Amino acid sequence: VWLLMRDVFNVDADLGRQIVNMMVIIAVAGPHTYATFTRTMFDHEFREKHRAYYLSSFAIPLIVIVLALASLPLLLTIFFFWASLHTWHQIIFIVDSYNEKERLVRKERVKKRIQQFVDYGPVLVGLYPIAAYRIAVTQDFMVGPNSINEIVPSFFERPWLAILAFTIFFIALIAFIIKSVLDLRKGTANKPKILFISLTVIAFFFIPSLSNLDTALQGVNVWHCTQYLALTWYINRLREERGEMKQEPFIERISKPGHAREYYLFNVGLTMGSMLLIVIFFYLLSTIGGKWAEPSFAFETAYYIGVLGFLWIHYYQDHFLFTKTESVLP
């Protein structure tokens, strides 16, 4: 979409990038963020059983606002690190869910911890080899108009770190390939899990090589968010079937079989409501003046304040939810 706007419709590259960002937010990124809240903020049992966790979530938007006003590059550095951590955690959760389901089918403990780590390995380090090279060697790691090299400590601008990242990645990849081949030969391979991990590794490894990293990472984001939306609705459907949502009748209704469209549109509606915050913050920053007198920078700051405040709550709460692999079992 960004290339079409830039090369066919002659839209300014920076404006095109921001349009793509907004499209992704409305279609999947925003809805996937608010889908979390159907299991936390909108769930009576979560609010009562995990009250401290629930209340501490409200401090996160304030932290985002302070960071955005103090240093946007620092905010983005924390964001991309936490986003990668969150994405890893989701992948580990899915892999563990495959293993848990396999364990129930075979009625035995299927995987040892070291075998599980071989599954995780190439995914956990896949983003870093090319990213490390661009930070340490070419020093052109840009996210939109922001240079990550401006905020990353000079220690990371050492070529040997890029070599180390590539070495660790290929060791992890070779170990995963060997394990998968051995499992296939023994007839014990979980083929959907192998396919899932393989596609993830390919995407993660090559994405940091693209020039427009902001838009390129949105590609990973679309994959991650679409997956998350389906996964969360499936978990909610299982909770509804077990009768665990009686105190939240609306969430219970949109979690029933055949109501996936309502579930999705509900989360889109919350996303559209949050867009008003971006407009409000953009107006407030524009009136402050100074460096925010530049409309593009003011919008960039307002965009990240409006988006990351809720997104980081979603990250924070998912670090708890992703420990519950039993939630995906009937």
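Note that the structure is a prediction, hence the values are computed from the model and not measured.
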Engineer: Answer yes or no: is there a side-chain heavy-atom contact under 4.5 Å between I251 and F266?
Structural biologist: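 Contact flag for I251/F266 side chains = yes.
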Engineer: Can you see which heavy atom on N267 is nearest to which on Y263, and at what distance?
Structural biologist: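 Scanning both residues, the minimum pair turns out to be ND2-O, 2.9 Å.
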Engineer: Between D318 and L321, is there a donor-acceptor pair closer than 3.5 Å when you use the side chain of the first and the backbone of the second?
Structural biologist: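 Looks like no, no N/O pair under 3.5 Å.
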Engineer: When the aromatic ring centroids of Y54 and F46 are compared, is their separation below 6.0 Å?
Structural biologist: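 Y54 vs F46: aromatic centres not under 6.0 Å.
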Engineer: Hey, what do you get for CG (L75) to CH2 (W312), rounding to the nearest 0.5 Å?
Structural biologist: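 Going from CG on L75 over to CH2 on W312, the span is 4.5 Å.
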Engineer: To the closest 0.5 Å, what do you measure between CG (L284) and CZ (F281)?
Structural biologist: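 Here the interatomic distance stands at 7.0 Å.
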Engineer: Side chains of T87 and N221: closer than 4.5 Å at any heavy-atom pair?
Structural biologist: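 The answer is no, as the side chains (C-beta and beyond) never meet within the 4.5 Å cut-off.
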Engineer: Is there side-chain contact between Y303 and I25, with at least one heavy-atom pair below 4.5 Å?
Structural biologist: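 Counting from C-beta outward, Y303 and I25 do come under 4.5 Å.
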Engineer: Which heavy atom in P61 sits nearest to a heavy atom in G309, and how many Å separate them?
Structural biologist: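 Looks like CG-O, 3.9 Å.
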Engineer: If you apply the rule side-chain contact (heavy atoms from CB on, under 4.5 Å), what do you find for V123 with F176, and how did you get there?
Structural biologist: CA-CA 10 Å; V123 175; F176 170 71; over 6 Å; no
Engineer: F282 vs T301, test: side-chain contact (heavy atoms from CB on, under 4.5 Å). Steps then yes/no.
Structural biologist: CA-CA 8 Å; F282 175 68; T301 306; over 6 Å; no
Engineer: Counting C-beta onward and ignoring hydrogens, is there a side-chain heavy-atom pair between T38 and D43 closer than 4.5 Å?
Structural biologist: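 Not touching, per the 4.5 Å side-chain cut-off.
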Engineer: Answer yes or no: is there a side-chain heavy-atom contact under 4.5 Å between F93 and T323?
Structural biologist: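 Answer no - side chains too far apart.
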Engineer: Side chains of Q317 and T36: do they bring a donor and an acceptor to under 3.5 Å?
Structural biologist: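 Judged by distance alone, the side chains do not pair up.
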Engineer: Through direct or indirect side-chain contacts below 4.5 angstrom among Ile, Leu, Val, Met, Phe, Trp and Tyr, which residues connect to L195?
Structural biologist: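 L199, listed by chain and number.
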Engineer: If you count every heavy atom of other residues, nucleotides or ligands that lies below 6.0 Å from F206 atom CZ, does the total exceed 12?
Structural biologist: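 Counting neighbours around CZ of F206, 12 or fewer heavy atoms of other residues, nucleotides or ligands fall under 6.0 Å, so no.
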Engineer: Measuring from E241:CD to S255:OG, what's the distance to the nearest 0.5 Å?
Structural biologist: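 Answer rounded to 0.5 Å: 10.5 Å.
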Engineer: Is it the case that one hydrophobic cluster holds both I163 and I171, taking links as side-chain heavy atoms less than 4.5 Å apart, direct or via other members?
Structural biologist: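 I163 and I171: separate clusters.
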Engineer: Compare every heavy atom of W223 with every heavy atom of F196, then report the nearest pair and how far apart it is.
Structural biologist: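 Heavy atoms only, the tightest pair is CE1-CZ2, 4.0 Å.
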Engineer: Heavy atoms, side chains only, cut-off 4.5 Å: are E244 and L238 in contact?
Structural biologist: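 Sidechains of L238 and E244: no contact.
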Engineer: Are the side chain of T188 and the backbone N or O of L184 linked by a donor-acceptor pair below 3.5 Å?
Structural biologist: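 Between the backbone of L184 and the side chain of T188 there is no qualifying donor-acceptor contact (under 3.5 Å).
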Engineer: Do T40 and Y53 pair up side chain to side chain, a donor and an acceptor below 3.5 Å, judged on atom types alone?
Structural biologist: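 There is no such pair (donor and acceptor under 3.5 Å, judged by atom type) between the side chains of T40 and Y53.
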Engineer: Check the pair E252, R239 against side-chain contact (heavy atoms from CB on, under 4.5 Å), reporting the backbone distance first and the verdict last.
Structural biologist: CA-CA 9 Å; E252 181 183 37; R239 293 172 61 220; over 6 Å; no
Engineer: Could you check whether any side-chain heavy atom of R39 comes within less than 4.5 Å of a side-chain heavy atom of I235, counting everything from C-beta outward?
Structural biologist: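 With C-beta onward as the side chain, the pair touches.
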Engineer: Is it the case that the ring center of Y133 lies less than 6.0 angstrom away from the ring center of F166?
Structural biologist: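 No, the ring centres sit 6.0 Å or more apart.
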Engineer: Ring-plane angle category for H32 and Y228, please: parallel below 30°, perpendicular beyond 60°, tilted otherwise.
Structural biologist: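 Judged by the thresholds at 30° and 60°, the geometry between H32 and Y228 is perpendicular.
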Engineer: Do L69 and F79 belong together in a cluster built from hydrophobic side chains that touch within less than 4.5 Å?
Structural biologist: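 They do share one cluster, since a chain of ILVMFWY contacts under 4.5 Å joins L69 to F79.
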Engineer: State, without any angle test, whether Q247 and E45 hold a side-chain donor-acceptor pair at a distance under 3.5 Å.
Structural biologist: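 No, E45 and Q247 have no side-chain donor paired with an acceptor closer than 3.5 Å.
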Engineer: Dump the intermediate steps for side-chain contact (heavy atoms from CB on, under 4.5 Å) on L311 and Y315, then the final yes or no.
Structural biologist: CA-CA 6 Å; L311 188 64; Y315 291 169; 3.3 Å; yes
Engineer: Roughly how far, to the nearest 0.5 Å, is CZ of F58 from CD1 of I313?
Structural biologist: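 Here the rounded value is 7.0 Å.
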Engineer: Taking the six-membered ring for Trp, are Y34 and F37 closer than 6.0 Å centroid to centroid?
Structural biologist: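 Distance test on ring centres: under 6.0 Å, yes.
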Engineer: Does Y283 belong to the same Ile/Leu/Val/Met/Phe/Trp/Tyr cluster as V307, with side-chain heavy atoms less than 4.5 Å apart forming each link?
Structural biologist: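 Cluster IDs for Y283 and V307 differ.
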Engineer: According to a hydrophobic-cluster definition based on side-chain heavy atoms being under 4.5 Å apart (Ile, Leu, Val, Met, Phe, Trp, Tyr only), do Y316 and I63 belong together?
Structural biologist: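 Same cluster: Y316 reaches I63 through Ile, Leu, Val, Met, Phe, Trp or Tyr contacts under 4.5 Å.
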Engineer: Apart from V66 itself, which Ile, Leu, Val, Met, Phe, Trp or Tyr residues share its cluster (side-chain heavy atoms under 4.5 Å, direct or through members)?
Structural biologist: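 Members other than V66 - counting any ILVMFWY side chain reachable under 4.5 Å - there are none.
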Engineer: Going by an N to O cut-off under 4.0 Å, is there a salt bridge joining E262 and R253?
Structural biologist: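 Answer for the salt bridge query: yes.
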Engineer: What's the separation between atom OG1 in T226 and atom CG in L231, rounded to the nearest 0.5 Å?
Structural biologist: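 Taking OG1 in T226 and CG in L231, the distance rounds to 12.5 Å.
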Engineer: side-chain hydrogen bond (donor to acceptor under 3.5 Å, both in side chains), that's the test. Do H224 and Q90 meet it? Break it down for me.
Structural biologist: CA-CA 9 Å; H224 161 79; Q90 177 171 311; 3.2 Å; yes
Engineer: Nearest 0.5 Å, what's the CD-CG distance between E240 and N236?
Structural biologist: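 Spacing of CD (E240) from CG (N236) equals 9.5 Å.
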Engineer: Using the benzene-type ring in the case of Trp, are the ring centres of F42 and F250 under 6.0 Å apart?
Structural biologist: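 Centroid distance F42-F250: not below 6.0 Å, so no.
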Engineer: Going only through I, L, V, M, F, W and Y residues with side-chain contacts under 4.5 Å, is there a path from L285 to I280?
Structural biologist: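 The answer is no; the residues belong to distinct hydrophobic clusters.
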Engineer: So do the side chains of L124 and I92 get within less than 4.5 Å of each other, counting heavy atoms only?
Structural biologist: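 The answer is yes, as the side chains (C-beta and beyond) meet within the 4.5 Å cut-off.
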Engineer: Salt-bridged, K179 to D183, with N to O below 4.0 Å?
Structural biologist: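 A salt bridge is present here (some side-chain N lies under 4.0 Å from a carboxylate O).
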Engineer: Nearest heavy-atom pair of P208 and R134: which atoms, and what distance?
Structural biologist: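 That would be O-NH1, 2.8 Å.
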Engineer: Going by salt bridge (charged side-chain N to carboxylate O under 4.0 Å, His left out), name the pairs with one or both residues in residues 301-315, residues two or more places apart or in two chains.
Structural biologist: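 Checked against salt bridge (charged side-chain N to carboxylate O under 4.0 Å, His left out) - neighbours excluded - no pair reaches residues 301-315.
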Engineer: Minimum heavy-atom separation for W82 to H319, with atom names?
Structural biologist: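 Nearest pair, atom of W82 first, then H319: NE1-NE2, 2.8 Å.
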Engineer: Pick out which of Y128, F322, F204 makes a ring pair (Phe, Tyr, Trp, His ring centres under 6.0 Å) with W88.
Structural biologist: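 It is Y128, the one option of Y128, F322, F204 that forms the ring pair (Phe, Tyr, Trp, His ring centres under 6.0 Å) with W88.
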Engineer: So which heavy atom on V28 is nearest to which on C225, and how close?
Structural biologist: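 The pair with the smallest heavy-atom distance is O-CB, 3.7 Å.
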